[in-house]
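What follows is a single structure, written as structure tokens, with notes after it.
Order of the sequence lines fixes the chain letters, A, B, ..., with proteins taken first and strands second; residue numbering starts at 1 for each chain.
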There are 2 protein chains.
Amino acid sequence: MQIGTAAEASGVSAKMIRHYEAIGLISSGARRINGYRDYDSRDVHELRFIRSARDLGFSLDEIRTLLDLWRNKDRNSRDVHQLAARHLADIERKIVELQAMAATLRELLHACHGDARPDCPILAGLSGKTSMAGH
Amino acid sequence: MQIGTAAEASGVSAKMIRHYEAIGLISSGARRINGYRDYDSRDVHELRFIRSARDLGFSLDEIRTLLDLWRNKDRNSRDVHQLAARHLADIERKIVELQAMAATLRELLHACHGDARPDCPILAGLSGKTSMAGH
DNA sequence: TCAGCACCTTCCTACAATGGGAAGGTCAAG
DNA sequence: CTTGACCTTCCCATTGTAGGAAGGTGCTGA
């Protein structure tokens, strides 16, 4: 099948499929006589794997490792577990960060009347006249 | 004061101060005879404002608007409130997304024994053999 | 048979925010 | 007069994705 069909079937855009090939995430597979890339269901399967991993927030570099492990039948499930656990920890850290931001914003929003008057605790907070959560 | 001092005082790196000037976020202020940028406490105050807003996750584009509102004494606190509320909603949406990812990851991690054996529900999940949370 | 359209190819550009580094100018202390 | 710590500009890299230009391919309908 052509790249467009593989894109549709996998949920990865044709643009991205070419990109993944360019950075060596997927192999430079077969070409037809006209130079068009040719894909089969295994390729689509792999693309879907990548797509799922992206949806879970794995970076392309992490996915590179995951793909290696996926292809390697002698792998250790410990390696996968470790990678995923580290990634989960990253996400949890990010959530905590965002929650801190959200809490501060909610506080500021609560204090700001939000009408036609110019005085605004949000701006005051940003300008450092109020307690602010650090980075 | 020189850029390095302003950087230290504001928590914004010299590199970023130059960048903010280049993109017009802050004005191209005075230069000394030798071509060095010169800053005063008002500049530092503005940089700290930017820094705080960045810490709260505002984009430089949003900060551009916030700075305009901050400088404009005839502003409407409603505008600030609206901008901040929208930003808070963005953050909350992002938190929900990350929490969904984390939940799926935790499920997969829970199912994966993570030892020397090769079979791994995490890889199976990514390859689509298990229920996965969509994007 | 040719026109048109949908597809494909490569290559370059952009985004957002930040950092790294090179090549060179400036200034104060020793 | 050298050394070192600043400063200047300019270019490049990052991460993941998209847009677009310029050109080739191939099917379909008139």
Side-chain angles (χ1 to χ4, degrees), chain A residues 1-26 28-40 43-44 47-67 87 90-91 94 97-98 101 135, chain B residues 1-26 28-40 43-44 47-67 87 90-91 94 97-98 101 135:
Chain A
M1 80 189 75
Q2 300 197 153
I3 197 170
T5 315
E8 183 126 12
S10 64
V12 178
S13 75
K15 213 95 191 186
M16 279 303 100
I17 296 178
R18 293 195 198 97
H19 180 61
Y20 293 162
E21 183 189 316
I23 65 172
L25 194 64
I26 59 181
S28 314
R31 296 283 184 125
R32 281 190 246 172
I33 325 96
N34 57 15
Y36 289 14
R37 287 170 180 81
D38 202 7
Y39 299 94
D40 61 19
D43 298 321
V44 171
L47 287 169
R48 262 202 286 244
F49 181 98
I50 295 174
R51 178 64 211 263
S52 300
R54 289 292 301 138
D55 285 348
L56 284 180
F58 286 101
S59 72
L60 293 185
D61 224 57
E62 288 167 327
I63 293 175
R64 196 184 300 272
T65 306
L66 285 173
L67 279 171
H87 178 56
D90 282 354
I91 288 180
K94 231 172 276 181
E97 251 177 52
L98 288 176
M101 287 182 196
H135 183 52
Chain B
M1 78 189 76
Q2 299 198 152
I3 197 170
T5 316
E8 182 126 11
S10 64
V12 178
S13 75
K15 211 97 189 180
M16 279 304 100
I17 296 178
R18 292 195 198 95
H19 180 60
Y20 293 162
E21 182 188 317
I23 65 172
L25 194 65
I26 59 180
S28 314
R31 296 283 183 125
R32 280 191 246 172
I33 324 96
N34 57 15
Y36 288 15
R37 287 171 182 79
D38 200 8
Y39 298 94
D40 61 20
D43 298 321
V44 171
L47 287 169
R48 263 203 285 244
F49 180 97
I50 296 174
R51 177 65 211 264
S52 300
R54 289 293 302 136
D55 285 347
L56 284 181
F58 286 101
S59 72
L60 293 185
D61 224 56
E62 289 166 327
I63 293 174
R64 196 184 300 272
T65 305
L66 285 174
L67 280 171
H87 178 55
D90 282 355
I91 289 180
K94 232 172 271 179
E97 252 178 51
L98 289 175
M101 289 183 194
H135 182 54

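Atom CZ in B:Arg32 sits about 10 Å away from atom P in D:dT8, given to the nearest Å. The distance from atom CE of A:Met16 to atom P of C:dC15 is 17 Å, rounded to the nearest whole Å. Atom-to-atom, CG of A:Asp55 to P of D:dT17 comes out at 10 Å; the value is rounded to the nearest Å. If you measure from atom CD1 of B:Ile23 to atom C1' of C:dA17, you get 9 Å, rounded to the nearest angstrom. Taking atom NE2 on B:His19 and atom C1' on D:dC11, their separation rounds to 15 Å, with Å as the unit. If you measure from atom CZ of B:Phe58 to atom P of C:dA16, you get 17 Å, rounded to the nearest angstrom. Atom CD1 in A:Ile17 sits about 13 Å away from atom C1' in C:dC8, given to the nearest Å. With rounding to whole Å, A:Glu21 atom CD is found 12 Å from C:dT9 atom C1'.
OP1 or OP2 of C:dT18 has not a single side-chain nitrogen or oxygen of B:Ser13 nearer than 4.0 Å. OP1 or OP2 of D:dC6 has not a single side-chain nitrogen or oxygen of B:Gln2 nearer than 4.0 Å. The phosphate of D:dC7 has neither OP1 nor OP2 within less than 4.0 Å of any side-chain N or O from B:Arg37.
Nearest heavy-atom pair, B:Leu60 versus B:Ile23, reported as atom, atom and distance to 0.1 Å: CD1-CD1, 3.9 Å.
B:Leu98 contributes atom CG, which lies 11.0 Å from atom CG of A:Leu56 (distance to the nearest 0.5 angstrom). In this structure, CD in B:Glu21 is found 10.0 Å from CG in B:Asp43, a value given to the nearest 0.5 Å.
With contacts defined as side-chain heavy-atom distances shorter than 4.5 Å, the pair A:His87/A:Ile91 qualifies. A heavy-atom distance below 4.5 Å is found between the side chains of A:Met1 and A:Val44.
Side chain of B:Lys15, nearest nucleotide from C:dC8, D:dC7, D:dC10: D:dC10. For B:Asn34, counting side-chain heavy atoms from C-beta on, the closest listed nucleotide (D:dC10, C:dT18, C:dT26) is C:dT26. Of the candidates D:dC10, C:dC7, C:dA17, C:dA17 carries the atom nearest the B:Arg54 side chain, counting heavy atoms from C-beta on.
Contact annotation for A:Arg31: backbone-only contact, meaning every heavy-atom pair under 4.0 Å involves sugar-phosphate atoms and none involves a base. Residue A:Tyr20 is in sugar-phosphate contact alone, with no base atom involved, counting any heavy-atom pair closer than 4.0 Å across all strands shown. At the heavy-atom level, B:Arg18 lies under 4.0 Å from base atoms of the strands shown.
Projected onto DNA chain C by closest heavy-atom contact, B:Asp61 and B:Tyr36 fall at different nucleotides, the more 5' of which corresponds to B:Asp61.
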